[in-house]
Structure formats: C-alpha cells, structure tokens
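Okay, so here's the structure we're looking at.
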Amino acid sequence: MISNTLLAALPLRAKILAALRSALDGQGFVEVETPVRIPAPANEPHIRPPASGNAFLRASPELQMKQLLAAGMEKIYSLGPCFREGERGDHHAPEFTMLEWYRAQAGYRTVLDDAKQLVQNAARILRNGEESIFRFRGVKLDLFGEWIEIPVREAFRRYAGWDPVEAFDPDRFDLDMALVIEPSLPRNRPCVLIDYPAPAASLSRLSPADSRIAERWELYLGGLELANAFGELTDPAEQRARFQRARQEKIALGEPAFDLDEAFLSALPNMPPSGGAAMGVDRLCMVLLELDDIENVRPFLPPIGSLW
C-alpha cells in the first residue's frame, strides 16, 4: 500500500539524492555504474546476497569499484540498489539504496570528513539553507554541532565492561554491540565508533601504529547505524586469507558460502592506498525526513516477515 506519508516523502527523498550527487560531483568525484548481478560476492558472515540464477544480486558494489581504483580512477561513487536476503524491519529492507564512495591516496578519516559534509549539505538543502535541529524517534538531533568520536575499545570498556582489543570474543562482541553498545550511544548528536579491533577489520587495513586496531569507523545518527568506512586493505595475500576465513565461518554458521572473486584479488596489487565508505540512503532519508520506518521513504517493500 502506498501511504500518504510515503507520497509526501518521495519528492523530498529525490531532493536528498540530488544533494548527495551534487556534493560529490562538486568535489570532482565521478559517478560509476557497476553490475547489480555479480558472480562472486564477498564472504561476510550474516550477510546473504540473493541468488540470481548462477550469480548473485550485489550486497555492495565494493569489489567492482575497487577494481576501477586499481585501473587508475581516483575519486568515484555509486548510488544505486543493493540487496540482502531475509532483511526486513523498520530500518531494514531486502532491496535498499546505497551510496558508496572511494578516494585514492586518502585515508579513513578523509572519508569521515566527506560523510560529515554529505549529511550536512543534504540537511541544509532540505531545510532551504538553514542549519536547524532535526527530531528523530523522539530525540532532538543536532547535525551541525560536534560529531562525537568514540574508539570501539573505549565504548566496550565504558558500556560493556570489557576490552575487545585485549581479548576478542566474536560472539560476545557482536551480541554486546547490538544489545549494549549501540543502545548506549548518544542520540542527540552524530556519533562515530572508530578504530575497530583487528578481528573485526572486515576489508579494512590494520593501523600502522598498532596492528591490534583496524582503520574502520561506523556512523550513527539518532542511534541508527548509517555508514561504514575503511582505510582500505590493499594486500592481496592478507585479503585472500581473510576471505577464506570468512568463508569457513559462513560454512560453520550454516550460511551459503561463495567462491572468491579472483578478478578482484588479481587487481588488488594495483590498487593505491584508499579510503572508502558506504552509506544507507534510505536510513539517511528516514533521519532527515523525521520518519521512523523505512516503508515511509521507500515504496514497494515486502511485508515484515516476508521470505523475499
């Protein structure tokens, strides 16, 4: 059903997407299109790209965009559909819109600056140039004041009572992140969890200053996870080893596991040091339009509980 709330939101959603594109275009980024249907997704536990014949619908354009960086492109972004099987809730959908961008010769803090500019620019344009306060899920949210940064180990020490850098426990880490850390984060200002434990590095590189820390951050607005970013890993041997470990973990969890993307791995030695980030556009629209359910900013979603 297409509600009046959704109908009112769609023109404003289009305005937000235009603001994102305008900001990136103005900084010299090039919008690129990569395949929506791919042969080999990254093996990431708990993420299930839907099958499409003998291929898969992408959960992210990351591996293809990094091949473009390896080929010589320097500042690129993609704004389009991504897919994850079995995800449906008030801020999850099996098909969603992702903004992903990469900078060659840049780090994870540079793309954090990008994220701040993108969010604030979209907010200003939506409010006709005003730097006003938003209200999301009953809490006033100031996007233009201080953005709070909390190292992940500090957040766990403060809210969960243990240090995941000193003694990493993957199950405890994931459970505490969802049930203890995220609900405890400040909701009145943007909050950035930064510098993850090395075992939670995903596709990010380890810090040259401390190999126990990964160059990764996640951005929360009003308590809602919005973006994930890396100082990108460019070591093909380490990336292959991580993919293989993640594949074995998926098998152990009873999840579908995928072949490794050899085209990506063969291109990786040519990829320059880079920073990259992925932002959930539907969630950004929820925050900026002060709506508490993704179905109010995105049409034609399956019902909650659907097996799509």
Side-chain angles (χ1 to χ4, degrees), residues 13-42 44 47 49-50 52 55-84 87 92-108 110-119 121-122 202-204 216-219 225-234 239 258 261 263-265 267-268 270-285 288 294 297-298:
R13 173 191 171 98
K15 196 172 183 178
I16 292 169
L17 267 64
L20 295 172
R21 282 193 166 98
S22 176
L24 289 164
D25 292 344
Q27 293 186 58
F29 282 81
V30 175
E31 184 172 7
V32 297
E33 293 184 74
T34 63
V36 171
R37 190 170 179 268
I38 60 176
E44 298 178 85
I47 294 179
S52 175
F56 300 88
L57 300 180
R58 68 185 185 191
S60 163
E62 180 171 3
L63 302 188
Q64 289 69 40
M65 293 183 76
K66 288 181 176 179
Q67 291 177 62
L68 294 175
L69 291 175
M73 299 196 77
E74 295 182 349
K75 296 166 69 175
I76 56 176
Y77 74 94
S78 170
L79 181 55
C82 292
F83 306 84
R84 294 184 182 180
E87 296 200 3
H92 290 90
E95 179 178 353
F96 58 98
T97 301
M98 182 92 84
L99 170 64
E100 198 150 331
W101 72 96
Y102 293 88
R103 286 179 175 267
Q105 305 299 338
Y108 69 142
T110 301
V111 293
L112 178 53
D113 292 338
D114 289 337
K116 185 174 184 178
Q117 293 172 17
L118 287 167
V119 168
N121 182 66
S202 189
L203 278 72
S204 62
R216 177 182 178 185
W217 56 257
E218 293 199 1
L219 169 63
E225 180 191 346
L226 184 72
N228 185 30
F230 304 144
E232 303 294 346
L233 179 64
T234 57
Q239 185 64 82
F258 315 117
D261 189 329
F264 164 69
L265 289 169
L268 199 54
N270 297 317
M271 181 176 155
S274 303
M279 179 180 292
V281 173
D282 305 312
R283 293 184 181 187
L284 177 62
C285 291
L288 296 185
I294 195 171
V297 299
R298 184 177 187 93

Is any side-chain heavy atom of Arg58 closer than 4.5 Å to a side-chain heavy atom of Thr34?
yes
Is the closest side-chain heavy-atom distance between Pro81 and Phe96 below 4.5 Å?
no
Looking only at non-hydrogen atoms, find the nearest pair between Ser274 and Pro272 and report the distance.
OG-O, 2.8 Å
Leu57 and Ile38, any side-chain heavy atoms less than 4.5 Å apart
no
Exceeds 12 heavy-atom contacts within 6.0 angstrom, atom CD of Glu225:
yes
Atom of Ala115, atom of Trp217 and distance for their closest heavy-atom approach
CB-CH2, 3.9 Å
Are the side chain of Ser202 and the backbone of Ser204 linked by a donor-acceptor contact shorter than 3.5 Å?
no
Nearest-0.5 Å distance, CG of residue Leu99 to OH of residue Tyr77:
8.5 Å
Could you tell me the separation between the CG atom of Leu69 and the OH atom of Tyr102, rounded to the nearest 0.5 Å?
8.0 Å
Between Asp25 and Val30, does a side chain to side chain contact (heavy atoms under 4.5 Å, CB included) hold up when you go through it step by step?
CA-CA 7 Å; Asp25 292 344; Val30 175; over 6 Å; no
Give, for atom CG of Asp261 and atom NZ of Lys66, the distance between the pair rounded to the nearest 0.5 Å.
11.5 Å
Applying side-chain hydrogen bond (donor to acceptor under 3.5 Å, both in side chains) to Arg103 and Thr110, what does each step give before you reach the verdict?
CA-CA 8 Å; Arg103 286 179 175 267; Thr110 301; over 6 Å; no
Hey, are Glu33 and Ser78 close enough side-chain-wise for a donor-acceptor pair under 3.5 Å?
no
Return the CG to CD distance between Leu203 and Glu232, rounded to the nearest 0.5 Å.
7.0 Å
If you look at every heavy atom in Ala19 and Ala122, which pair is closest and at what distance?
CB-CA, 3.9 Å
Any chance you could lay out the side-chain hydrogen bond (donor to acceptor under 3.5 Å, both in side chains) test for Thr97 and Arg13, step after step, and finish with the verdict?
CA-CA 11 Å; Thr97 301; Arg13 173 191 171 98; 3.0 Å; yes
Any side-chain heavy-atom pair of Ile76 and Phe29 under 4.5 Å
no
Tell me, do Leu118 and Asn121 make a side-chain contact under 4.5 Å, heavy atoms counted?
no
Grab the two heavy atoms, one from Leu268 and one from Leu233, that are nearest each other, plus how far apart they are.
CD1-O, 3.8 Å
Evaluate the side chain to side chain contact (heavy atoms under 4.5 Å, CB included) criterion for residues Met73 and Met65: first the C-alpha distance (whole Å), next the side-chain angles of each, then the deciding distance (0.1 Å), finally the verdict.
CA-CA 9 Å; Met73 299 196 77; Met65 293 183 76; over 6 Å; no
How many angstroms lie between SG in Cys285 and CG in Leu17, if you round to the nearest 0.5 Å?
6.0 Å
Is the shortest heavy-atom distance from the side chain of Met279 to the side chain of Glu100 under 4.5 Å?
no
Please check this pair: side chain of Arg283 against backbone of Ala227, looking for a donor-acceptor N/O pair closer than 3.5 Å.
no
Verify salt bridge (Lys or Arg N to Asp or Glu O under 4.0 Å) between Glu95 and Arg84, making sure each step is shown before the conclusion.
CA-CA 7 Å; Glu95 179 178 353; Arg84 294 184 182 180; over 6 Å; no
Could you check if a side-chain atom of Pro94 sits within less than 4.5 angstrom of a side-chain atom of Glu87, using non-hydrogen atoms only?
no
Find the distance between CG (Leu20) and CD (Glu31) and round it off to the nearest 0.5 Å.
10.5 Å
Closest non-hydrogen atom pair between Ala70 and Ala267, with its separation:
CB-O, 3.3 Å
Closest non-hydrogen atom pair between Phe258 and Ala42, with its separation:
CD1-O, 3.9 Å
Close side-chain approach of Val111 to Trp101, heavy-atom, < 4.5 Å:
yes
Using the side chain to side chain contact (heavy atoms under 4.5 Å, CB included) rule, take Ile294 and His92 through it: C-alpha gap first, then chi angles, then the decisive distance, then the call.
CA-CA 7 Å; Ile294 195 171; His92 290 90; over 6 Å; no
